[in-house]
Each structure stands twice: as structure tokens, then as C-alpha cells.
Amino acid sequence: AQAILVQGFSRPARSTHPISSLSRAMSTVPAADLSKEQKDELVCTYAALILHDDGAEVTPQAMANLIKAANCTVESYWPMLMAKMINSVGMESLIKMGSGAGGGGGGGGGGAAP
């Protein structure tokens with residue numbers, strides 16, 4: 001099976017998970033075509049999601065340790081920026097924003113009863 005790879009992080013392109021099976025690719029842009037800054041942001045995002053999924057606190061040091069363990073490198077300011085954003089906005093809110101699951105506008109008001 002093909003895998004989408006960004007440095008040391010990989011994920012199968014296809015999955016049997018019902019949500020994952022809706023899309024065959026994580027992005028329309030191949031990881032190889034991303035800029036260094038975009039790759040750094042993506043690596044930090046993966047690290048933060050892994051920490052969150054494990055129930056661990058998302059801290060700059062925890063992210064840096066995970067990134068290093070994955071044999072990846074990012075500019076040193078990225079883990080600090082990402083952790084600060086996550087801890088001020090909240091991971092659940094960021095996940096909802098990224099998934100398109102935010103609330104839409106309310107429906108139009110109904111007409112007056114006859």
C-alpha cells in the first residue's frame with residue numbers, strides 16, 4: 001500500500017476506518033511539494049495530534065521529543081508556537097475548525113402561523 005510520508009511520520013493512503021475511507025489522500029498537494037515551512041508545520045501538527053490522542057499534555061518539550069524520536073527536524077520555534085496556540089485555543093476547537101465541522105448559519109425563520 002502507498003503511504004504518505006513527511007519525514008518520519010507516515011500514514012497509509014487508504015484505510016478501513018469509515019471516516020478515512022471517504023478520502024483516498026490526505027491532501028491534493030504531495031508532501032514532496034511542500035515548502036520547508038509547510039513541512040515543519042505539518043510535522044508539528046502530527047506531533048500535537050499524537051500527543052493529544054495519547055492523552056498527554058501538548059507542550060513544546062513533548063512535541064520536540066516526539067519529533068526527534070521520529071527522526072524529524074523542525075525550526076526550533078515551531079513547537080513553542082504550536083503548543084501556545086493549542087493551549088490557548090484548545091485542541092478540540094482546532095480539530096473542529098480543521099474538519100469543517102463548525103456550526104453553520106441558522107436556518108431561515110418560519111413564516112407566521114395562519
Side-chain angles (χ1 to χ4, degrees):
Q2 280 185 322
I4 297 170
L5 178 66
V6 175
Q7 297 176 355
F9 293 97
S10 65
R11 177 175 184 242
R14 293 183 183 202
S15 172
T16 57
H17 190 279
I19 294 174
S20 298
S21 64
L22 296 175
S23 174
R24 294 188 177 179
M26 290 174 56
S27 173
T28 58
V29 178
D33 293 346
L34 297 175
S35 69
K36 168 69 171 136
E37 185 176 72
Q38 290 170 321
K39 287 179 185 177
D40 285 2
E41 184 177 358
L42 188 58
V43 168
C44 286
T45 299
Y46 286 156
L49 287 168
I50 290 166
L51 291 167
H52 175 73
D53 191 49
D54 282 348
E57 186 178 359
V58 180
T59 66
Q61 188 61 51
M63 290 177 65
N65 291 344
L66 184 56
I67 291 165
K68 183 178 179 181
N71 202 28
C72 297
T73 58
V74 298
E75 294 293 332
S76 61
Y77 61 85
W78 274 109
M80 180 200 55
L81 286 176
M82 293 287 283
K84 185 175 181 179
M85 176 186 64
I86 290 163
N87 291 316
S88 65
V89 176
M91 184 62 95
E92 295 299 328
S93 295
L94 291 168
I95 290 170
K96 287 177 185 174
M97 283 184 233
S99 69

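Just so you know, residue 1 is the first one in the sequence shown, and it goes up from there.
To the nearest 0.5 Å, the span separating CD on Q61 from NZ on K68 amounts to 9.5 Å. Atoms CG and NZ, on L34 and K39 in that order, are 6.5 Å from each other to the nearest 0.5 Å. The distance from the CG atom of D54 to the CG atom of L66 is 8.5 Å, given to the nearest 0.5 Å. Distance check: L94 CG to H52 NE2 gives 10.0 Å after rounding to the nearest 0.5 Å. Here the CD1 atom belonging to I67 is positioned 9.5 Å from the CD1 atom belonging to I50, to the nearest 0.5 angstrom. Distance check: T45 OG1 to M63 CE gives 7.0 Å after rounding to the nearest 0.5 Å.
Across every non-hydrogen atom of L51 and E57, the tightest pair is CD1-O, 4.3 Å. Considering every non-hydrogen atom in both A83 and V58, the closest pair reads CB-O, 3.9 Å.
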Set out, in order, the CA-CA distance, both residues' side-chain angles and the distance that settles side-chain contact (heavy atoms from CB on, under 4.5 Å) for V74 and E41, then state yes or no. CA-CA 8 Å; V74 298; E41 184 177 358; over 6 Å; no
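Under a cut-off of 6.0 angstrom, the local environment of CD in E37 is sparse, with at most 12 non-hydrogen atoms contributed by other residues, nucleotides or ligands.
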